[in-house]
Amino acid sequence: MNRFQMALTLSVALLFNVSDGYAESAGFDNLMPELIQVPTGMHEYRLSGEVLKNGHPVNAPMQNIYFPRILHIMKYQVSSHNYALCVDDNLCSAPFRKQDRHKNFPVVGISFIDAQNYAEWLSQKTGVTWRLPTDAEWSWSAGDRFFDDAFGVSDSMNELSKRWIDDYRKSYTYTSKSDTVVNARGTYGANENGLYDQSGNVWEWTDTCYQRYQLSLDDKLEMAGTPNCGVRILEGRHRSYMTNFIQDAIGGGCSAGTPPNFLGFRLVRDNPKFLSIKRFQNWMASVLRR
């Protein structure tokens, strides 16, 4: 092989690996999920966790968060088929209830710890880093599928009972009693970003820890203690806070409101470092000069 042929071969390999962000491991092509690229932009995000003012819960403030990089997130939730492969490798725990190994159905009965273990396993198999999205990333990707968990009535201290009732009514409405079976992926359609089944009857784990805040009388926000990472945020038809080892919310672990139907997840692929055209041209020139 002459220098030109070697340069051409290496450049094709390099461009394939860099542009895709990963080199597929032999025998694991079926693990590579379809991804959606959520564009950069500004997102108005309501802070997660509990906010207290004068000792009483109030609506969390809105924050403007800018996402400077494209978010690469799974188009669908992780399937029961792919999750079963991790169980076969003894690196993931079995779901809460036995499921058929089916590519068209999401895996459910999954704890935060289970989802983390799968992300680590998938990273090892594919050679690229996978992780759970943050709560802010999930809400940004969800678009109009994101449900705001603000109280529907006044923050006034004499409205506490009405607020509690309104909050329960909303979460009860979002969790349909008739929607109690796991549906095939794609059942709930896509949002404006092209992601399927967000806010269906499968709630999705995020990497964000539960946090309590204090809001002063002049509305200055301060953290109250350290984040509680034994409790993580689930997103779906309503925001939920769940102990990280819980696989089934119906059986316990939901801190407030009606429990989620099913617990599942989707992952984010960490953005690869792309090789600029100029750097690629310089590299090619250096190979040909040898």
Side-chain angles (χ1 to χ4, degrees), residues 38-71 73 112 131-175 191-193 198-199 203-244 246 249 253-260 268 271:
V38 181
T40 62
M42 184 70 72
H43 177 43
E44 191 176 32
Y45 170 72
R46 188 177 299 281
L47 194 67
S48 62
E50 183 180 34
V51 179
L52 301 177
K53 185 175 183 178
N54 198 25
H56 299 283
V58 295
N59 283 327
M62 300 295 290
Q63 296 181 331
N64 287 322
I65 299 178
Y66 179 67
F67 290 91
R69 303 179 69 182
I70 292 174
L71 181 67
I73 186 168
F112 171 83
R131 61 176 175 82
L132 287 167
T134 65
D135 187 64
E137 288 173 335
W138 194 96
S139 64
W140 171 238
S141 70
D144 60 10
R145 295 290 182 90
F146 178 73
F147 286 96
D148 188 5
D149 62 351
F151 297 116
V153 294
S154 170
D155 271 346
S156 171
M157 293 304 110
N158 59 9
E159 297 286 338
L160 287 176
S161 60
K162 292 181 181 179
R163 282 168 37 198
W164 184 88
I165 293 172
D166 181 75
D167 187 47
Y168 185 85
R169 178 188 59 78
K170 286 193 301 183
S171 61
Y172 182 85
T173 301
Y174 296 152
T175 309
N191 68 2
E192 66 268 36
N193 290 320
Q198 285 178 304
S199 301
W203 270 249
E204 300 178 24
W205 287 102
T206 76
D207 192 42
T208 300
C209 304
Y210 174 81
Q211 176 65 56
R212 179 173 288 180
Y213 300 88
Q214 293 285 352
L215 196 63
S216 65
L217 296 178
D218 58 354
D219 291 334
K220 182 179 179 181
L221 188 69
E222 295 180 352
M223 292 179 65
T226 58
N228 179 3
C229 290
V231 175
R232 301 283 176 153
I233 297 175
L234 282 157
E235 284 291 359
R237 294 178 185 172
H238 59 79
R239 184 182 273 165
S240 187
Y241 303 92
M242 196 72 59
T243 307
N244 61 12
I246 294 293
C254 189
S255 61
T258 55
V268 166
N271 290 338

Pairs meeting criterion salt bridge (Lys or Arg N to Asp or Glu O under 4.0 Å) with involvement of residues 132-143, two or more places apart | R131-E137, D135-R239
Just jot down the side chain to side chain donor-acceptor pair (under 3.5 Å) partners of [X], sequence neighbours excluded, or say none.
X	result
W140	none
S139	H43
E50	Y210, R212
N244	none

Please lay out, stage by stage, how V268 and L132 fare under the test side chain to side chain contact (heavy atoms under 4.5 Å, CB included).
-> CA-CA 6 Å; V268 166; L132 287 167; over 6 Å; no
Under the 3.5 angstrom rule, does the side chain of [X] hit a backbone N or O of [Y] as a donor-acceptor pair?
X	Y	result
W203	H238	yes
Y213	L52	no
N191	S141	yes
S199	G236	yes
E235	T206	no

What pair of heavy atoms forms the shortest contact from [X] to [Y], and how long is it?
X	Y	value
Q214	A224	CG-CB, 3.8 Å
Y45	A136	CE1-CA, 3.7 Å
K53	L215	CG-O, 3.3 Å
L234	P260	CD1-CG, 4.5 Å

After noting the C-alpha distance and the side-chain angles of V51 and L221, does the key distance pass the side chain to side chain contact (heavy atoms under 4.5 Å, CB included) rule?
-> CA-CA 9 Å; V51 179; L221 188 69; 4.1 Å; yes
Are any non-hydrogen side-chain atoms of M242 and F112 less than 4.5 angstrom apart?
->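 No. Closest side-chain heavy atoms not under 4.5 Å.
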Side chain to side chain contact (heavy atoms under 4.5 Å, CB included) assessment of F67 paired with I65 | CA-CA 7 Å; F67 290 91; I65 299 178; 4.0 Å; yes
With R145 via salt bridge (Lys or Arg N to Asp or Glu O under 4.0 Å) - residues at least two apart | none
Are S48 and Q211 close enough that a side-chain donor and a side-chain acceptor fall under 3.5 Å?
-> no
What do the steps show when you test N59 against R46 for side chain to side chain contact (heavy atoms under 4.5 Å, CB included), and what is the final call?
-> CA-CA 9 Å; N59 283 327; R46 188 177 299 281; 4.0 Å; yes
